[in-house]
Amino acid sequence: MIREALEKKLVTAIAELISAGSLPETARTVRIEVDAPKNPDHGDLMTNFAMVGSKTLGMNPRAVAEILAGELGSDTEVFASVEIAGPGFLNFRLNPAWVAGFVASVLERGVSYSHLTPDQVEKINVEFVSVNPNGPITIGSGRGAAYGSALCNVLEAAGHEVHREYYINDGVNSEQMRLFAESVKALLNGQAVPDNGYKGDYVQEVANGLEHLKGAELATIQKASQDAMIEAQRTALEHFRVNFATWFSEQSLHDAGEVARVIGELESKHVADESPFRTKIETAKGGVIKSVTKEDQAVTNTDDEDASGEGEQATLWLRSTKFGDDQDRVLRRRDGRLTYIASDVAYHKDKFNRPAGGTKLITVLGPDHHGYIGRLTAVVAAMFIDQATPVDDPTPLTEHEEILFGNVEERNRCRGAQAWAKDHLTVQIFQIVRFMKDGKPAPMRKRDGNIYALIDLIKEIGEEMRPNGTEEEKLQAGSDVARFFYLMRNHDTAMDFDLELATKQSDENPVFYVQYAHARICSVIRKGAESGLAASTAHLGLLDHAKETTLILKIAELRDEIAQTASDYAVNRLANYALELARSYHSFYDTCRVNQPENPELSSARLALCEATRTALHSVLGLLGVSAPQEM
RNA sequence: GCGCUCGUAGCUCAGCGGAUAGAGCACCAGCUUGCGGAGCUGGGGGUCGGAGGUUCGAAUCCUCUCGAGCGCGCCA
């Protein structure tokens with residue numbers, strides 16, 4: 001916010017200097033960046049404009065810096081000093097009174113302080129969690145749940161329209177779901193579950209709830225047991241503060257005939273066919289194509305279970321290699337059943353309807369799915385090939401391309417479609433979480449088939465944190481800690497989740513450090529009210545202590561952090577920001593006494609600063625899905 | 001073999017083109033006749049895995065290399 005203001009000042013100053021003839025016209029094109037210096041001795045904020053621009057301006061950086069410093073330095077309302085340092089840095093020391101003025105605008109905006117207005121509003125569908133309905137939400141999926149939900153909050157705060165979606169993998173043809181149903185059925189009939197079946201206690205629980213279906217058809221049991229599982233997942237996720245606007249059933253696409261219809265569409269677009277070969281692309285290091293081969297279709301695979309008993313027919317191939325995938329994918333099996341990827345085509349088309357007129361899809365996937373990015377991109381490219389603008393490349397087909405494409409025109413259309421897909425679909429992969437106990441990794445899947453469920457993690461932590469709390473308080477405490485821990489680390493790197501630290505005494509716990517700051521602010525404000533003191537913006541100019549200025553600058557950063565996070569999806573930045581903001585407050589609190597009845601003007605200004613901090617803290621915690629307690 | 005991700009303080013991790021690389025934990029030394037000490041202040045501790053390159057400037061970008069994790073089904 002303060003940064004935005006300074007960037008505007010720079011733009012104005014540069015325009016003045018151009019019309020005065022001190023800077024060439026090209027100065028307008030130089031990118032302007034204002035940042036906080038790492039070293040506080042270098043001032044409150046700084047810009048590298050002179051160094052970045054020196055080349056295009058044809059001037060040496062220090063000369064540019066001097067001209068700019070002269071122009072800006074005259075604005076004594078804003079700047080206490082403008083210094084040139086090093087190779088051409090421009091270091092700004094801001095006038096504390098000017099900085100303090102921003103407290104008023106935070107208070108004016110209140111909760112909307114964290115709401116941004118983007119240059120362009122995107123309509124984004126975010127799909128996350130989406131695990132099979134054959135078990136509880138695990139602690140592994142917990143990371144995706146925390147990440148996806150926080151990402152949605154941030155995108156919304158950044159001003160975009162967001163649709164939260166869960167894709168239920170409930171295709172009746174799914175091997176895994178059938179196996180799950182068979183396991184439940186076996187338990188219902190008092191038989192042993194199949195060798196490769198599901199053996200956890202939760203399977204027995206599902207069976208217990210379905211006593212009335214004893215002796216029923218497998219299909220009936222399959223439907224009922226997956227519904228039970230979905231309900232359990234939904235409840236667990238709600239406790240974890242994860243909610244979806246849509247729970248989308250894969251099977252519903254089959255039932256509506258959408259999958260079949262879309263497959264027909266692909267065939268008529270000549271991106272899917274029944275020719276009996278699979279194309280494979282082998283790449284050498286650096287992604288250069290080493291070879292493209294058409295493999296004759298192998299018919300020797302005997303592992304297939306021919307569940308439908310419909311006998312053999314031609315395999316239907318999606319020619320995904322035309323869109324950068326490393327091999328063609330099967331849409332319809334030899335036995336006539338459609339594959340998972342076939343529903344994916346229909347599904348990705350459908351997703352653009354939520355929100356209406358969707359402009360972007362984000363899919364959050366687990367660490368075992370990064371091989372899936374190329375496939376998904378190809379799916380979207382194939383589906384929307386008519387929407388995309390072909391690339392303009394007149395060069396003839398290479399030797400490799402001749403195997404993939406019929407002619408130059410087709411290649412250019414496919415390349416265009418691939419670019420379109422990359423533009424409209426973003427896949428975010430989160431990496432694995434290792435849960436550490438006694439310094440050793442704790443198994444997520446136990447030998448007896450039991451799974452470490454997210455809800456158990458939440459309850460364990462809650463029990464430890466609030467042994468005397470209500471059920472509701474325990475769930476909240478557990479969820480707060482778990483969410484913050486998941487979100488502290490960059491989702492794209494493997495992390496260790498220290499179960500002892502999370503469940504142990506609270507004083508080592510970063511979550512509580514932040515929540516404590518919020519509770520402390522609330523307490524200070526309460527205390528002030530008891531002495532007849534209240535926040536006011538009438539004397540903000542009194543906030544000139546270094547700790548006060550630092551805190552205000554930190555509060556002002558929130559909007560920048562949100563904007564940045566909405567564009568690079570690195571939600572962990574906000575968890576770190578929350579810690580920094582809390583630290584700035586604690587440090588301020590320690591030095592600057594807020595409530596001083598003998599000095600009501602300073603008190604009112606500091607209370608205003610407390611209010612502004614509370615607003616910012618409350619906002620970040622809200623984005624992270626962590627509660628901001630008034631007392632603890 | 002190919003692809004993705006990661007190697008930063010004793011440990012867990014930030015930083016991802018800027019000036020002397022940061023925080024928490026652990027360790028050491030301090031702060032309270034006052035608003036919540038679940039707090040604050042200070043200190044020690046690093047050839048940012050290694051080697052080249054790009055440029056005014058690299059932990060950050062590129063190439064190679066070593067090491068770790070994961071992924072490459074007519075499973076989902």
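Chain letters run A, B, ... following the sequence lines, proteins first and then strands; every chain starts at 1. Bear in mind the structure is a predicted one, so any value in this text is a computation, not a measurement.
- Within residues 482-492 of chain A, the residues approaching RNA chain B are A/Arg489, A/Asn490, A/Asp492, by heavy-atom distance under 4.0 Å.
- A donor-acceptor contact shorter than 3.5 Å is absent between the side chain of A/Ser174 and the backbone of A/Asp170.
- Using a 4.0 Å cutoff on non-hydrogen atoms, the parts of residues 43-55 of chain A near RNA chain B are A/Met46, A/Asn48, A/Met51, A/Val52, A/Lys55, ordered by number.
- Base-pairing analysis of RNA chain B finds the following stems of at least three consecutive Watson-Crick or G-U pairs, with both pairing distances under 3.5 Å: B:1-7 with B:66-72, B:10-13 with B:22-25, B:27-31 with B:39-43, B:49-53 with B:61-65.
- Taking only distance into account, the side chain of A/Glu282 never meets the base of B/C2 through a donor-acceptor pair shorter than 3.5 Å.
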Discussion item. For a quick check, with a 4.0 angstrom heavy-atom cut-off, what is the B/S/- contact string for nucleotides 59-72 of chain B, read 5' to 3'?
Written reply: B----S----SBSS
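- Proximity of A/Tyr486 to A/Ile139: side-chain heavy atoms (C-beta onward) are separated by under 4.5 Å at one or more points.
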For nucleotides 27-35 of chain B, print each protein N/O atom paired with a nucleotide N/O atom at under 3.5 Å, atom names and distance only.
from, atom 1, to, atom 2, distance (Å)
B/C35, O4', A/Arg593, NH1, 3.4
B/C35, O4', A/Arg593, NH2, 3.1
B/C35, O2, A/Asn595, N, 3.0
B/C35, O2, A/Asn595, ND2, 3.2
B/C35, N3, A/Val594, N, 2.9
B/C35, N4, A/Tyr589, O, 2.7
B/C35, N4, A/Cys592, O, 3.3

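- Contact annotation: A/Arg333 side-chain N/O to B/C75 OP1/OP2 distance is under 4.0 Å.
- Side-chain atoms of A/Arg3 come within 3.5 Å of backbone N or O of A/Val34 as a donor-acceptor pair.
- For the residue pair A/Tyr340 and A/Asn169, a side-chain donor N or O sits within less than 3.5 Å of a side-chain acceptor on the partner.
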Fill in: Per-nucleotide protein contact string for nucleotides 47-53 of chain B (B base, S sugar-phosphate only, - none; heavy atom under 4.0 Å)
-------
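- The aromatic ring centres of A/Tyr513 and A/His586 sit less than 6.0 Å apart.
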